Amino acid sequence: MSVTIIIGGQWGDEAKGKITDAISEHADMVIRPNGSTNAGHTVQIGDDVFKFHLVPAGILRPGCDCVIGAGVAIPPADLIQEIDELQARGIDTSRLYISDRANIIMPFHPLQDQLEEAQRGSHNIGTTLRGNGPAYADKAGRRGVRMADLLDESALVERLNLTIPEKNATLTTLYNQPPLDISELLEQFAAYGEKLAPRVIQAEVLVQDAIEAGKSIIVEGAQAAMLDIDYGTYPYVTSTSPTAAGVCQGAGIGPTQVTNVISVYKAYTTRVGGGPYPTELLDETGDLLRKRGVEYGTSTGRPRRTGWFDGVAARYTTRLNGVTHAAITKIDVLDTLAEIKICVGYELDGHTVRAPQAVADVYGRVKAIYETLPGWQEDTTTCTSYDEFPTNARRYIDRLEAVIGVPVVMLGVGPAREQLLWRKQVDFS
Ligand code: GDP
Ligand code: IMO
Ligand code: MG
C-alpha cells in the first residue's frame, strides 16, 4: 500500500502529468485533488498527445480508478467535453468518479475573472481567465454550488436563489453587465447534473476504502507550490493550496496516510502570468529555453516566462511540503548550452536572504546569486539509462540534488512516455 503525492515544486507546468503517467502503471487509483481547468497536464504516448485539464492522467491506465476530488472546482460543460473527447479516442472513462462535494464553476465565474483582471490594470495577475479565483472565493464565502446540488433540484434552486441576486447586483452596478437568468441556469446545470450523475459519488469514502484495502494511490496535484495562496508569490498566485498539505485536503486523505511526496521541477524554471521571478531570463538564453522547451501554456497557449533553476525557491518548497523525492524534467532542453547557471542564494538590498519574500515588490527586488556549471552539449533525448548520461549532465543533476536537499530519482529527457530515466529506482506502488 502506498499513497504518493505529486506536486509542482516551481510555478507550474513541471510535467506533473508525465510523472503521474510514469508511476501510475501499477496504481489502483489516481486522484486529482485541486484546481480547475487552469491546469493542463500533458502525457505523450508515441504520437498521441493527451492534454488533461480535470481528468486524472491515470485514466490512460486500464483498470486504474480515477477520482476528481472535493478540492477541484469543476466547470461541468468542460468536464463533459473532456470525457467525451477521451471516449472518442478510445479511452475507457467508466472508472472516472467525481466528488459530490466538488464546487462548480458557473458561467459568471470566468466573466468575473475577466472583469476583475481588467480592473487590476497593470497590476493584473495574469490568471488563466477560467473563473478559478472567483469560484474559490464563492466557495470560501459559502455561496458556492456543489456537484451534489446539481443532482437535487430543490438544493440547486436554493443555491442559485442565494447566489444569483448578489452576482447580478455586482454585474449590473459595478461592471455594467446584463443580469443572469436564474431559470436558464437552473435548466442548464440540472442537465449537466443528469449527465454526470452516474459518476458522482462520496469520493472521500471511496478513497478511504482504497487506503484501508492497502491499494496503491497517486494524488496528481495541479499548479505548484510557488503559486500557493499562502506561501507563493501573493497576490500573483492561484486561489488554492497546491501544496502537499493542500492536496491531502482536496483528495480526502489525512497527512499520516501519505507515504511519499514527489516534487517535480524543471531543470530550469518557467512561469506564466505576472509576479516576481528572480531568475527570469529576458535575453537570448531565455528565448532559447522557450523555443527548445516549447514553453507555451497547455491551457491558454500563452508564452511562458523562462529562467535559470532557482535553488532557493526549490529548497523552500521542498521543505514546506515535506518532499521525499524529486523528479527533474526537461533536462534535454539544456542540451545545447555551453554554460548553465543555478541560483544558489538571494541578495536583498546588500543582505543575504534565505527564502522568497512575503511582499511581491520586495521579492521582485531580490537578486539571484548564481553558480555556473559547464554544459554538456550532447543529445540526452536518446539516453535510455542514467549510465548513458553525459558527465556534465550528471554533475548538474548532482548539484541540483544537493541544492534541493532530497534524492532526485527521475529524470525527463523528452516529452514521450519512454523519455524518462530512473536515477535511483524507487517502487512507488
Ligand atoms: P504539468 O502541468 O506539470 O503536467 O506540465 P505541462 O504538461 O503543462 O507542461 C509540460 C510540457 O513539457 C508538456 O508539453 C510535456 O509534453 C513536455 N515535457 C514533459 N517532460 C518533458 C521532458 O523531459 N523534456 C521535454 N523536452 N519536454 C517534456
Ligand atoms: P498546471 O497544473 C502554470 C497561474 C496562472 C496565473 C496564476 C493565477 O498545468 O501546472 P488562476 O487562473 O489560477 O487564477 O491564475 O496561476 N497558473 C498556472 N501556471 N500551470 C498551472 O497549472 C497553473 N494554474 C494556474 O498563469 O499566473
Ligand atoms: Mg500544465
Side-chain angles (χ1 to χ4, degrees), residues 6-22 32-45 48-54 56-57 72-73 105 109-110 112-114 116-117 124-137 220-229 232-240 242 247 263-277 289 291-305 327-335 380-381 383 410-421:
I6 295 174
I7 58 158
Q10 296 164 326
W11 281 275
D13 304 322
E14 299 91 347
K16 298 174 290 295
K18 179 178 161 148
I19 297 299
T20 302
D21 177 61
R32 169 71 190 277
N34 61 336
S36 63
T37 50
N38 53 355
H41 294 184
T42 316
V43 178
Q44 189 178 321
I45 303 167
D48 278 337
V49 179
F50 295 89
K51 292 178 188 290
F52 296 103
H53 299 289
L54 294 161
V72 180
I105 296 197
H109 288 132
Q112 209 180 327
D113 204 349
Q114 248 172 51
E116 286 175 4
E117 276 286 81
N124 74 325
I125 293 164
T127 75
T128 58
L129 301 178
R130 300 297 158 92
N132 194 72
Y136 282 105
E220 179 186 354
Q223 287 79 55
M226 288 302 288
L227 291 172
D228 178 70
I229 193 159
T233 48
Y234 192 88
Y236 300 96
V237 290
T238 194
S239 299
T240 56
V247 308
S263 186
V264 189
Y265 307 90
K266 277 181 202 184
Y268 47 99
T269 51
T270 61
R271 92 171 281 180
V272 202
Y277 184 4
L289 294 179
K291 195 160 168 236
R292 284 186 54 82
V294 198
E295 297 296 357
Y296 296 88
T298 308
S299 270
T300 59
R302 290 181 292 173
R304 296 175 183 144
R305 298 158 69 191
I328 310 269
T329 61
K330 305 193 91 161
I331 295 159
D332 55 297
V333 173
L334 306 178
D335 280 354
T380 57
T381 59
C383 289
M410 280 175 274
L411 304 172
V413 292
R417 184 180 253 180
E418 63 278 7
Q419 286 175 311
L420 186 103
L421 311 179

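For ligands, and for the atoms within them, numbers begin at 1 and follow the listed sequence. Position 1 is the first residue of the sequence, and the numbers go up from there. Being a predicted model, the structure only gives us computed values, none of them experimental. Quick note: numbers below take in every heavy atom, side chains included, and nothing from hydrogens, waters or symmetry partners.
Of the candidates T42, I331, V413, I6, T42 brings a heavy atom nearest to atom 15 (C) of ligand 1. Taking only non-hydrogen atoms, the option from G273, G221, G126 nearest to atom 5 (C) of ligand 2 is G126. Counting only non-hydrogen atoms, the option in G17, G35, G40 that gets closest to atom 6 (P) of ligand 1 is G40. Selection from L227, T238, T300 by nearest heavy atom to atom 4 (C) of ligand 2 gives L227. Across the listed options D332, T270, T381, D332 owns the non-hydrogen atom lying nearest to atom 26 (N) of ligand 1. The residue from K16, Q223, E220 that puts a heavy atom closest to atom 1 (P) of ligand 1 is K16. Among E220, H41, R130, the residue whose heavy atom sits closest to atom 2 (O) of ligand 2 is H41.
In this structure, the side chains of V272 and W11 stay at 4.5 Å or more apart for every pair of heavy atoms. Between T238 and Y136 there is no side-chain heavy-atom pair separated by less than 4.5 Å. Contact annotation: the side chain of P276 approaches that of R271 to within less than 4.5 Å [non-hydrogen atoms, C-beta and beyond]. Residues V264 and T329 form a side-chain contact, since some pair of their non-hydrogen atoms from C-beta on lies under 4.5 Å apart.
Regarding atom 18 (N) of ligand 1, its nearest protein heavy-atom neighbour is P415 CA, 3.9 Å. Nearest to atom 20 (N) of ligand 2 among the protein's heavy atoms is D13 OD1, 3.2 Å. Ranking protein heavy atoms by distance to atom 15 (O) of ligand 2, first place goes to T127 CA, 3.4 Å. Of the protein's non-hydrogen atoms, the one nearest atom 7 (C) of ligand 2 is V237 O, 3.9 Å. The nearest heavy-atom contact from the protein to atom 10 (O) of ligand 2 is K16 NZ, 2.7 Å. The shortest contact between atom 27 (O) of ligand 2 and any protein heavy atom is with V272 O, 2.9 Å.
Listed by number with element, the atoms of ligand 1 under 4.0 angstrom from any heavy atom of G412 are 23 (O). Of all atoms in ligand 2, listed by their number and element, those nearer than 4.0 Å to a heavy atom of A222 are 2 (O). Atoms of ligand 2 lying under 4.0 Å from any heavy atom of G40, numbered from 1 in the order shown and given with element: 9 (O). Below 4.0 Å from some heavy atom of A39 lie the following atoms of ligand 2, by number and element: 1 (P), 2 (O), 9 (O), 22 (O). For ligand 2 and W11, the ligand atoms under 4.0 Å from any heavy atom of the residue are 3 (C), 19 (N). Each of the following atoms of ligand 1 lies closer than 4.0 Å to a heavy atom of H41: 1 (P), 2 (O), 4 (O), 7 (O). Residue A15 approaches ligand 1 through these ligand atoms, each under 4.0 Å from one of its heavy atoms: 1 (P), 3 (O), 4 (O), 5 (O), 19 (C), 20 (N).
H41 pairs in a side chain to side chain donor-acceptor pair (under 3.5 Å) with only one of the listed residues (E220, K51, K18), which is E220.
The minimum heavy-atom distance between P242 and A222, with the atom names listed, is CB-O, 3.3 Å. Pairing each heavy atom of L289 with each of V333, the nearest pair is O-CG1, 3.9 Å. Here the closest non-hydrogen pair linking S263 and G9 is OG-CA, 3.3 Å. The two residues V247 and N34 make their nearest non-hydrogen contact at CG1-ND2, 3.8 Å.
Within the 2.8 Å limit, G40 places at least one N, O or S atom next to the Mg ion (ligand 3).
Counting heavy atoms under 4.0 Å from ligand 1, residue R304 touches it through the side chain alone. Contacts of K18 with ligand 1, taken as heavy-atom pairs under 4.0 Å, involve the side chain alone.
For the residue pair N132 and T127, no side-chain donor N or O sits within less than 3.5 Å of a side-chain acceptor on the partner. In the model, D332 has no side-chain atom that pairs as donor or acceptor with a side-chain atom of T380 under 3.5 Å. With no hydrogens or angles considered, a side-chain donor-acceptor pair links T300 and R302 at under 3.5 Å.
Residue-to-ligand polar distances keep D113 apart from ligand 2: every N/O pair is separated by 3.5 Å or more. The shortest N or O to N or O distance between N38 and ligand 2 is below 3.5 Å. Here's the thing with G12: none of its N/O atoms is less than 3.5 angstrom from an N/O atom of ligand 2. At least one N/O-N/O distance between E14 and ligand 1 falls below 3.5 Å. Polar contact with ligand 1: present for K330 (N/O pair, distance under 3.5 Å). Considering backbone and side-chain N/O atoms, Q44 never comes within less than 3.5 Å of an N/O atom of ligand 1. Between T128 and ligand 2, at least one N/O pair is under 3.5 Å apart.
The shortest heavy-atom distance from R302 to ligand 2 is under 4.0 Å. Ligand 1 has G414 within reach: a non-hydrogen atom of the residue lies less than 4.0 Å from it.
Note that CD of Q419 and NZ of K330 are 11.5 Å apart. Values are rounded to the nearest 0.5 Å. How far CG of D13 is from NZ of K266: 5.0 Å, rounded to the nearest 0.5 Å. Separating the CZ atom in R292 from the OH atom in Y268 is a distance of 9.0 Å, to the nearest 0.5 Å.
When you scan the N, O or S atoms of D13 for the one nearest the Mg ion (ligand 3), you land on OD1.
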